[in-house]
Amino acid sequence: MTKQVSIEAQWMWFVLFSVTEGILEEPVEDYSGLLDGMEAAELLAMLEKVQARLKQLGRGGESRIEKASPVKLYIDKKYHVHMGSPDGPVLPLRPLVKTLFILFLRHPEGIVLKQRDKYRKEMEEIYAVISPNTALEDIQSRIGRLVDLQDNSFSEKASVLNARLDQLLPAAVSEEYKIQGYIGQPRRIPLNPLMVNWL
C-alpha cells in the first residue's frame with residue numbers, strides 16, 4: 001500500500017464526513033482507479049466507516065459488510081495443508097518453509113528462537129515426511145542450518161513463509177497465519193488452534 005493511496009483514502013473520508021445535509025449525491029469524480037490500488041483491509045475499513053456515516057445520516061440499513069475471517073486448515077499425514085476442508089486447495093509451500101509452518105502450527109504456545117535447537121529432531125521428522133526422497137544427511141544439514149543461531153536460514157525461511165502467505169491469502173486474514181513475535185518473546189502463529197485440524 002503506497003503512501004499516496006493512504007493520503008487519497010483519507011481525503012475521500014474527509015469529503016464523506018463533510019456531508020451535513022443527509023443527502024448523498026453522485027460523486028463528481030470517478031474513484032474506481034483509486035479503489036483498484038487499495039488493499040482489502042483498507043477497503044473493508046473504509047466500508048465500515050462509510051456505513052457508520054450513512055447510519056448517522058439516517059441512511060444506514062442492515063449490515064452487508066462481512067469481515068474476512070480465517071479458514072480452517074486440514075493437515076494430512078503427509079503434511080499437505082488443505083484450506084477450508086479436507087479436500088480443499090493445498091497451500092503450496094517449499095519443503096523447508098512448510099517444515100517451519102508445520103512446526104509452529106504444532107506449537108501454538110510459541111517457540112523461543114534462541115531455544116530452537118530443542119526442536120531439531122521434530123523438524124527433521126517433519127521434513128522427512130514432506131520430502132521423503134531427500135537423503136538423511138541432507139535433511140540433517142538443512143535442519144542444522146535452521147537451528148544454528150549463527151546462520152540466517154531460519155530468518156530467511158520465516159520471511160519467505162510470511163511473504164508467500166501474503167501472496168496466497170487475502171490481506172485481511174494473512175496475518176493470522178504468519179510467524180510473529182517480538183525480540184526476546186516466543187514467536188508464534190496467532191491462528192486459533194481450533195482452526196487447525198490434524199487428519
For the residue pair [X] and [Y], establish whether any side-chain heavy-atom pair is separated by less than 4.5 Å.
X: R187; Y: I111; value: no
X: L165; Y: L91; value: yes
X: W198; Y: I102; value: yes
X: K72; Y: V196; value: no
X: R142; Y: L96; value: yes
X: L149; Y: F154; value: no
X: E109; Y: P186; value: no
X: E124; Y: L136; value: no

> Relative to the ring of Y119, is the ring of H107 parallel (under 30°), tilted (30 to 60°) or perpendicular (over 60°)?
Replying inline: perpendicular
>> Once salt bridge (Lys or Arg N to Asp or Glu O under 4.0 Å) is applied, do any residues pair with K98, and if so which ones, sequence neighbours excluded?
In response: none
> Quick one: salt bridge (Lys or Arg N to Asp or Glu O under 4.0 Å) partners of R106, sequence neighbours excluded?
Replying inline: E122
Shortest non-hydrogen contact from [X] toward [Y]:
X: F101; Y: V81; answer: CE2-CG1, 4.2 Å
X: P92; Y: R164; answer: O-NE, 3.4 Å
X: P86; Y: L199; answer: CB-CD1, 4.1 Å

Would the distance check show the side chain of [X] and the main-chain N or O of [Y] forming a donor-acceptor pair, the cut-off being under 3.5 Å?
X: R188; Y: P108; value: yes
X: R145; Y: D151; value: no
X: T99; Y: P95; value: yes
X: N162; Y: I179; value: yes
X: K78; Y: V129; value: no

From [atom1] ([X]) to [atom2] ([Y]), nearest 0.5 Å:
X: Q180; Y: I189; atom1: CD; atom2: CD1; value: 9.0 Å
X: S153; Y: L100; atom1: OG; atom2: CG; value: 8.0 Å
X: I130; Y: L93; atom1: CD1; atom2: CG; value: 8.5 Å
X: L191; Y: Y177; atom1: CG; atom2: OH; value: 5.5 Å
X: I143; Y: Y127; atom1: CD1; atom2: OH; value: 7.0 Å
X: I75; Y: H80; atom1: CD1; atom2: NE2; value: 11.5 Å

>> Show, in sequence, the C-alpha distance, side-chain angles and deciding distance for D117 and R120, and conclude whether the salt bridge (charged side-chain N to carboxylate O under 4.0 Å, His left out) test is met.
In response: CA-CA 5 Å; D117 188 56; R120 178 193 296 256; 3.0 Å; yes
> Applying the 4.5 Å side-chain criterion to the ILVMFWY set and letting contacts propagate, would V97 and V147 be lumped into a single cluster?
Replying inline: yes
>> Starting from V90, can I reach M195 by hopping between I/L/V/M/F/W/Y residues whose side chains sit under 4.5 Å apart?
In response: no
> Between F104 and L161, is a side-chain contact (heavy atoms from CB on, under 4.5 Å) present by the stated rule, with each step listed?
Replying inline: CA-CA 12 Å; F104 276 85; L161 171 63; over 6 Å; no
> L146 and K157: side-chain contact (heavy atoms from CB on, under 4.5 Å), yes or no, with the steps?
Replying inline: CA-CA 8 Å; L146 279 181; K157 299 305 181 291; 3.8 Å; yes
> Between M83 and L169, is a side-chain contact (heavy atoms from CB on, under 4.5 Å) present by the stated rule, with each step listed?
Replying inline: CA-CA 10 Å; M83 305 290 292; L169 302 173; 3.3 Å; yes
> When you look at K178 and D166, which way does the side-chain contact (heavy atoms from CB on, under 4.5 Å) test go after all the steps?
Replying inline: CA-CA 9 Å; K178 293 180 182 178; D166 276 336; 2.9 Å; yes
